[in-house]
Amino acid sequence: MEGEPTRIMMGVNESTIKGYPHASISSKGAFEWTLQKIVRSNTSGFKLLFLHVQVPDEDGFDDMDSIYASPEDFKNMKNRDRARGTHLLEFFVTRCHEMGISCEAWIKRGDPKEEICHEVKRVQPDFLVVGSRGLGPFQRVFVGTVSEFCAKHAECPVLTIKRRADEAPQDPVDD
């Protein structure tokens with residue numbers, strides 16, 4: 001509809017190198033690229049929708065060294081996970097507010113590729129922006145890529161932003 005802002009959904013995740021609450025290289029890069037190349041100075045013409053998907057461990061326990069002696073211990077673990085995701089999203093929301101860009105952010109739990117596609121179907125953004133680590137074919141076999149899955153399955157156009165070569169850590173699987 002004319003006059004309504006273009007709604008851009010962005011799948012964002014935390015860094016595997018620096019840990020919480022830092023955004024990954026790919027997420028930051030895709031966000032900065034979107035601001036510079038799409039939003040530019042037209043801050044009122046866009047609404048950014050940030051989705052972070054937390055991945056539970058197979059057994060549901062993030063911390064193998066922890067001792068769980070009461071129901072309160074498990075509650076504290078859930079609260080810690082929620083706080084991590086909130087701190088991650090705070091980076092993106094704060095930047096948008098500083099620039100006068102309308103935004104929303106939320107957290108889901110599960111498989112990132114499945115949850116992103118589910119949220120795209122539910123929210124119906126104009127398009128989806130995801131970062132990419134730029135893994136080679138051998139690495140993709142073992143690690144898989146959220147961006148490739150979304151490009152094939154999301155029910156909207158998908159823009160994949162590769163991380164710059166000078167941003168790549170020693171191990172390209174890291175982000």
Side-chain angles (χ1 to χ4, degrees), residues 1-55 83-108 112-136 139-140 143-170 172-175:
M1 294 183 146
E2 197 171 322
E4 290 187 25
T6 300
R7 298 168 66 237
I8 304 171
M9 181 180 280
M10 299 192 74
V12 297
N13 64 322
E14 72 281 348
S15 174
T16 59
I17 302 168
K18 298 174 186 165
Y20 288 105
H22 303 287
S24 69
I25 297 167
S26 299
S27 293
K28 272 187 179 175
F31 175 62
E32 295 298 333
W33 190 94
T34 300
L35 293 177
Q36 293 169 8
K37 304 293 185 180
I38 297 175
V39 174
R40 299 178 185 219
S41 62
N42 184 15
T43 57
S44 64
F46 295 91
K47 181 172 188 174
L48 300 184
L49 309 168
F50 298 101
L51 170 61
H52 170 56
V53 180
Q54 292 183 325
V55 181
R84 289 174 177 172
T86 302
H87 288 301
L88 171 68
L89 292 174
E90 182 181 24
F91 167 79
F92 296 103
V93 170
T94 299
R95 286 286 312 279
C96 284
H97 280 266
E98 290 170 352
M99 298 178 71
I101 301 169
S102 177
C103 68
E104 291 178 15
W106 66 101
I107 300 169
K108 291 288 186 176
K113 60 185 183 286
E114 297 286 342
E115 289 298 326
I116 291 170
C117 289
H118 178 268
E119 289 298 288
V120 162
K121 188 173 187 169
R122 184 182 70 81
V123 175
Q124 300 182 341
D126 295 299
F127 63 98
L128 171 66
V129 174
V130 289
S132 171
R133 293 175 284 182
L135 300 177
Q139 292 160 325
R140 282 194 304 255
V143 178
T145 71
V146 172
S147 57
E148 279 185 359
F149 186 90
C150 291
K152 291 177 184 173
H153 300 284
E155 294 183 12
C156 72
V158 178
L159 182 60
T160 302
I161 309 300
K162 283 201 254 182
R163 112 181 130 193
R164 294 190 332 246
D166 64 337
E167 294 175 322
Q170 227 173 4
V173 174
D174 284 336
D175 194 29

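Along the sequence shown, residues carry numbers from 1.
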Asker: Looking only at heavy atoms, what is the nearest atom pair of A154 and C117, with distance?
Answerer: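 Shortest heavy-atom contact: N-SG, 3.7 Å.
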
Asker: Do the side chain of S27 and the main chain of N13 share a donor and acceptor less than 3.5 angstrom apart?
Answerer: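 Yes, S27 side chain to N13 backbone: donor-acceptor pair under 3.5 Å.
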
Asker: Determine yes or no for a side-chain-to-main-chain donor-acceptor pair under 3.5 angstrom, with T34 supplying the side chain and A30 the backbone.
Answerer: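 Checking the backbone N and O of A30 against the side chain of T34, a donor-acceptor pair under 3.5 Å is found.
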
Asker: For E104, which residues count as a salt bridge (charged side-chain N to carboxylate O under 4.0 Å, His left out) partner, sequence neighbours excluded?
Answerer: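 K47.
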
Asker: Suppose we screen for ring-ring contact (aromatic ring centres under 6.0 Å, His included). Which residues come up paired with F31, at least two apart in sequence or across chains?
Answerer: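 Testing F31 for ring-ring contact (aromatic ring centres under 6.0 Å, His included), a comparison that skips the adjacent residues, returns F50, F92.
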
Asker: Any pair with a residue in residues 87-101 that passes salt bridge (charged side-chain N to carboxylate O under 4.0 Å, His left out), sequence neighbours left out, goes on the list, sorted by first then second residue, please.
Answerer: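 For residues 87-101: E32-R95.
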
Asker: Do the side chain of H52 and the main chain of G85 share a donor and acceptor less than 3.5 angstrom apart?
Answerer: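 The answer is no, because no donor-acceptor pair under 3.5 Å joins these two groups.
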
Asker: State, to 0.1 Å, how close V53 and P112 come at their nearest heavy-atom pair, and which atoms those are.
Answerer: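 Heavy atoms only, the tightest pair is CG1-CA, 3.7 Å.
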
Asker: Distance check, rounded to the nearest 0.5 Å: Q36 atom CD versus S41 atom OG?
Answerer: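 So the CD of Q36 and the OG of S41 are separated by 13.0 Å.
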
Asker: Let me check something: any side-chain donor-acceptor pairs from residues 118-129 under 3.5 Å, sequence neighbours excluded? List them with distances.
Answerer:
from : atom 1 : to   : atom 2 : distance (Å)
E119 : OE1    : W106 : NE1    : 2.7
E119 : OE1    : R122 : NE     : 3.1
E119 : OE1    : R122 : NH2    : 2.7
E119 : OE2    : R122 : NE     : 3.2
D126 : OD2    : R7   : N      : 2.6

Asker: Once you round to the nearest 0.5 Å, how far does CG of L88 lie from OG of S15?
Answerer: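 One gets 10.0 Å once the value is rounded to the nearest 0.5 Å.
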
Asker: Can you name the closest pair of heavy atoms from S147 and V130 and give their distance?
Answerer: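 The pair with the smallest heavy-atom distance is CB-CG2, 3.7 Å.
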
Asker: With rounding to the nearest 0.5 Å, note down the distance linking CD in E14 to CG in L89.
Answerer: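 Result: 10.0 Å between the selected atoms.
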
Asker: Only counting residues at least two apart or in another chain, list the ones meeting side-chain contact (heavy atoms from CB on, under 4.5 Å) with T43.
Answerer: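 side-chain contact (heavy atoms from CB on, under 4.5 Å) check on T43 returns V39, I101.
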
Asker: Looking only at heavy atoms, what is the nearest atom pair of I161 and G29, with distance?
Answerer: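 Between these two residues, the closest heavy atoms are CG2-O, 4.3 Å.
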
Asker: Taking ring-ring contact (aromatic ring centres under 6.0 Å, His included) as the definition, give me every residue that meets it alongside H153, ordered by chain and number, with sequence neighbours left out.
Answerer: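 If we apply the ring-ring contact (aromatic ring centres under 6.0 Å, His included) test to H153, skipping adjacent residues, the hits are F149.
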
Asker: Applying side-chain contact (heavy atoms from CB on, under 4.5 Å), run through I116 and V146 and close with a yes or a no.
Answerer: CA-CA 9 Å; I116 291 170; V146 172; 3.8 Å; yes

Asker: Starting from the C-alpha separation in whole Å, work towards a yes-or-no answer on side-chain contact (heavy atoms from CB on, under 4.5 Å) for M10 and L49.
Answerer: CA-CA 6 Å; M10 299 192 74; L49 309 168; over 6 Å; no

Asker: Could you check whether any side-chain heavy atom of W33 comes within less than 4.5 Å of a side-chain heavy atom of L159, counting everything from C-beta outward?
Answerer: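 A side-chain contact under 4.5 Å exists here.
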
Asker: Rounded to the nearest 0.5 Å, how far does CG of L35 lie from CG of L48?
Answerer: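 One gets 6.5 Å once the value is rounded to the nearest 0.5 Å.
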
